[in-house]
Novice: 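Here it is, the structure, as structure tokens.
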Amino acid sequence: MTKTDEIEDSSAPLIEHLAELRTRLIHCVVAFLVGMIICFTVATPLFNFLTNPLCEVLAERGQDCGLIFISPQEGFFVAIKVSLLGGFILAFPYIGMQMWRFVAPGLYRSEKNAFLPFMLASPFMFLLGASFAFYVVTPLAYDFFLGFQQFGAEGEALVEGATAAPLSVVFQGSAQEYLNLTIKFIVAFGLCFQLPVLLTLMGKAGLVTAEGLGSVRKYAVVAILVLAALVTPPDVITQVILFVVVYGLYEISIFLVARVEKKREEQLRADGYYDDEEEADEEIVREEDSK
């Protein structure tokens with residue numbers, strides 16, 4: 001066999017993996033496009049569903065729920081954005097399955113058993129975060145924003161041409177701006193709820209430890225505050241909610257990583273890699289050194 005043949009033989013597996021990856025990606029794109037087309041046909045009901053938090057807040061204030069288009073093409077782009085979000089949600093299970101089928105053949109049985117729960121937990125946590133944003137955070141945020149309206153003396157919005165004072169400033173929102181803000185809430189909280197999944201997976205891989213995560217709490221607090229300021233609108237209520245939720249998830253992550261480490265230690269001990277007498281001697285030496 002010549003040197004050229006050896007190079008071709010060694011590159012064959014890589015080419016096969018790249019071909020399989022291309023096939024998987026094509027399947028994912030097709031699934032996303034199919035989901036997007038399905039959602040585009042029902043874009044109006046989906047958009048009406050997404051406006052529920054705003055409409056409920058307006059109803060509590062005795063106002064009609066109405067959004068406007070400020071440009072002729074805005075309605076089309078609203079439908080496209082709704083379709084993009086809905087198509088991704090519909091196609092995500094299939095996309096996750098394609099990712100798993102591409103990665104799974106290269107894993108040992110024990111690695112598959114360890115990795116599969118994280119694949120299942122990730123979409124669940126994203127939906128949990130998105131639901132929390134939609135049903136809890138978004139109504140609070142819009143209630144805060146709409147509190148800056150100004151109404152007439154009788155509590156109603158003044159009609160055009162009225163001479164009564166004071167000035168009336170009433171919400172007339174753009175449909176596209178409302179959708180952009182709502183999607184921002186949903187995506188931001190959905191991604192933040194991935195924190196326990198990500199850190200636990202890193203802990204299982206040995207990249208982080210519970211002790212290490214605990215030692216950088218003060219830096220994590222600063223990072224979470226910066227994150228809350230970047231991904232949420234400039235209102236204190238939403239930022240505080242995001243900070244409290246993400247920091248709580250960080251503490252949960254430390255607990256989960258500690259459990260992973262404990263199970264790993266128990267497994268290693270059962271396999272005979274740990275010697276209890278040697279550990280006891282090392283502990284005594286550490287205590288003497290500390291004295």
Novice: What pair of heavy atoms forms the shortest contact from Ala133 to Pro139, and how long is it?
Specialist: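 Nearest heavy atoms, Ala133 then Pro139: O-CD, 4.4 Å.
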Novice: Phe49 and Phe134: aromatic ring centres closer than 6.0 Å?
Specialist: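 Yes, the ring of Phe49 comes within the 6.0 Å limit of the ring of Phe134, centre to centre.
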Novice: Quick check on side chain to side chain contact (heavy atoms under 4.5 Å, CB included): which of Leu181, Asn180, Leu179 does Ile183 satisfy it with?
Specialist: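 Option passing the side chain to side chain contact (heavy atoms under 4.5 Å, CB included) with Ile183: Leu179.
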Novice: Which residues pass the side chain to side chain donor-acceptor pair (under 3.5 Å) test with Thr182, not counting sequence neighbours?
Specialist: Tyr142
Novice: Should we say atom CD of Gln73 is surrounded by more than 12 heavy atoms from elsewhere, each under 6.0 Å from it?
Specialist: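 For Gln73, atom CD is crowded (more than 12 foreign heavy atoms under 6.0 Å).
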Novice: Going by heavy atoms in the side chains, are Phe40 and Leu46 under 4.5 Å from each other?
Specialist: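 Side-chain contact under 4.5 Å: no.
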Novice: Should Leu256 and Val260 count as side-chain neighbours, where that means a heavy-atom distance under 4.5 Å?
Specialist: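 No; the side chains remain at least 4.5 Å from each other.
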Novice: What is the distance from atom CZ of Phe47 to atom CG of Leu85, rounded to the nearest 0.5 Å?
Specialist: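 Output value for this atom pair is 12.5 Å.
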Novice: Hey, does Ile254 have a side-chain heavy atom less than 4.5 Å from the side chain of Arg217?
Specialist: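 Of all side-chain heavy-atom pairs linking Ile254 with Arg217, at least one is under 4.5 Å.
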Novice: Got Phe102 and Leu25 here, is their nearest side-chain heavy-atom distance under 4.5 Å?
Specialist: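 Contact flag for Phe102/Leu25 side chains = no.
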Novice: So how far is it from Phe171 CZ to Leu67 CG, rounded to the nearest 0.5 Å?
Specialist: 5.5 Å
Novice: Look at the aromatic rings of Phe88 and Phe126 and report parallel, tilted or perpendicular, splitting at 30° and 60°.
Specialist: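 Because their plane-to-plane angle is over 60°, the rings of Phe88 and Phe126 count as perpendicular.
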Novice: Counting only N and O atoms by type, is there a donor-acceptor contact under 3.5 Å from the side chain of Glu74 to the main-chain atoms of Phe69?
Specialist: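 Here the side-chain-to-backbone pair does not exist.
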Novice: For the residue pair Ile80 and Met36, establish whether any side-chain heavy-atom pair is separated by less than 4.5 Å.
Specialist: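 When only atoms from C-beta onward are counted, Met36 and Ile80 do touch, with a gap below 4.5 Å.
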Novice: Among residues two or more places apart or on two chains, list those pairs meeting salt bridge (charged side-chain N to carboxylate O under 4.0 Å, His left out) that have a residue in residues 132-144.
Specialist: Arg61-Asp143
Novice: First locate atom CD of Gln98, then atom CD1 of Ile26, and finally report the distance between them rounded to the nearest 0.5 Å.
Specialist: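 These two atoms lie 11.0 Å from each other.
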Novice: Shared ILVMFWY cluster between Leu227 and Val221, side chains joined below 4.5 angstrom?
Specialist: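 Result: yes, single cluster for both.
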Novice: Determine whether a donor-acceptor pair (N or O, by modelled atom type, separation under 3.5 Å) exists between the side chain of Thr209 and the backbone of Gly212.
Specialist: yes
Novice: State, to 0.1 Å, how close Ala79 and Ala43 come at their nearest heavy-atom pair, and which atoms those are.
Specialist: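 Nearest pair, atom of Ala79 first, then Ala43: CB-CB, 3.9 Å.
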Novice: Check for me, please, whether Val216 and Leu249 land in the same ILVMFWY cluster - side-chain distances under 4.5 Å, paths through other members count.
Specialist: yes
Novice: Ignoring hydrogens and angles, tell me if any N or O in the side chain of Glu261 forms a donor-acceptor pair with the backbone of Ala210 under 3.5 Å.
Specialist: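 Yes, Glu261 side chain to Ala210 backbone: donor-acceptor pair under 3.5 Å.
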Novice: Which residues pass the ring-ring contact (aromatic ring centres under 6.0 Å, His included) test with Tyr247, not counting sequence neighbours?
Specialist: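 Not a single residue meets the ring-ring contact (aromatic ring centres under 6.0 Å, His included) criterion with Tyr247.
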Novice: Is it true that Val245 and Leu128 fall in one hydrophobic cluster, defined by side-chain heavy atoms closer than 4.5 Å?
Specialist: yes
Novice: If you link ILVMFWY side chains whenever their heavy atoms are less than 4.5 Å apart, which other residues fall into the same cluster as Met97? By chain and number, please.
Specialist: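 Members other than Met97 - counting any ILVMFWY side chain reachable under 4.5 Å - are Tyr94.
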Novice: Can Val240 be reached from Phe144 by stepping across I, L, V, M, F, W or Y side chains whose heavy atoms are under 4.5 Å apart?
Specialist: yes
Novice: Rounded at 0.5 Å granularity, tell me how far CG in Leu195 sits from CD1 in Ile252.
Specialist: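 So the gap between those two atoms works out to 9.5 Å.
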Novice: Under the criterion side-chain contact (heavy atoms from CB on, under 4.5 Å), I'd like the reasoning laid out for Leu199 against Tyr250: C-alpha separation, chi angles, the key distance, then a yes or no.
Specialist: CA-CA 9 Å; Leu199 291 181; Tyr250 185 79; 4.1 Å; yes
Novice: Holding to ring-ring contact (aromatic ring centres under 6.0 Å, His included), I want the full list of residues that pass it with Phe243, two or more places apart in sequence or in another chain.
Specialist: none
Novice: Mind checking side chain to side chain donor-acceptor pair (under 3.5 Å) for Asn48 and listing every partner two or more places apart, or none if nothing turns up?
Specialist: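 With neighbours one apart ignored, the set is empty.
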Novice: Considering only residues two or more places apart or on different chains, which pairs with a residue in residues 33-43 satisfy salt bridge (charged side-chain N to carboxylate O under 4.0 Å, His left out)?
Specialist: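 Applying salt bridge (charged side-chain N to carboxylate O under 4.0 Å, His left out) to every pair that reaches into residues 33-43, excluding sequence neighbours, yields nothing.
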Novice: Does anything in residues 50-99 form a disulfide bond (SG atoms under 2.5 Å apart)? List the pairs, not counting sequence neighbours.
Specialist: Cys55-Cys65
Novice: Kindly write out the residues that satisfy side-chain contact (heavy atoms from CB on, under 4.5 Å) with Ser215, not counting sequence neighbours, or none if the list is empty.
Specialist: none
Novice: Find out if a path of hydrophobic residues (ILVMFWY) with successive side-chain heavy-atom gaps under 4.5 Å connects Leu33 to Val82.
Specialist: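 Leu33 and Val82: separate clusters.
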Novice: When you compare the side chain of Leu84 with that of Phe32, does any pair of heavy atoms fall below 4.5 Å?
Specialist: yes
Novice: In the structure I gave you, are the side-chain heavy atoms of Pro53 and Tyr178 within less than 4.5 Å of one another anywhere?
Specialist: yes
Novice: Which pairs count as salt bridge (charged side-chain N to carboxylate O under 4.0 Å, His left out) when at least one residue sits in residues 17-41, sequence neighbours excluded?
Specialist: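 Only Glu20-Arg24 qualify under salt bridge (charged side-chain N to carboxylate O under 4.0 Å, His left out).
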Novice: Can you list everything that forms a side chain to side chain donor-acceptor pair (under 3.5 Å) with Ser122? Sequence neighbours excluded, please.
Specialist: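 Once residues adjacent in sequence are excluded, the partners of Ser122 under the side chain to side chain donor-acceptor pair (under 3.5 Å) criterion are Gln194.
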Novice: Rounded to the nearest 0.5 Å, how far does CD1 of Ile186 lie from CG of Leu127?
Specialist: 10.5 Å
Novice: Looking only at non-hydrogen atoms, find the nearest pair between Cys39 and Leu90 and report the distance.
Specialist: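 Looks like SG-CD1, 3.6 Å.
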Novice: To the nearest 0.5 Å, what is the distance between CD on Glu251 and CG on Leu213?
Specialist: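 One finds 9.5 Å between CD of Glu251 and CG of Leu213.
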Novice: Just so I know, are the side chains of Leu242 and Cys192 near enough to count as touching, which here means a heavy-atom distance under 4.5 Å?
Specialist: yes
Novice: Run the side chain to side chain donor-acceptor pair (under 3.5 Å) test against Tyr135 and tell me which residues pass, sequence neighbours left out.
Specialist: none
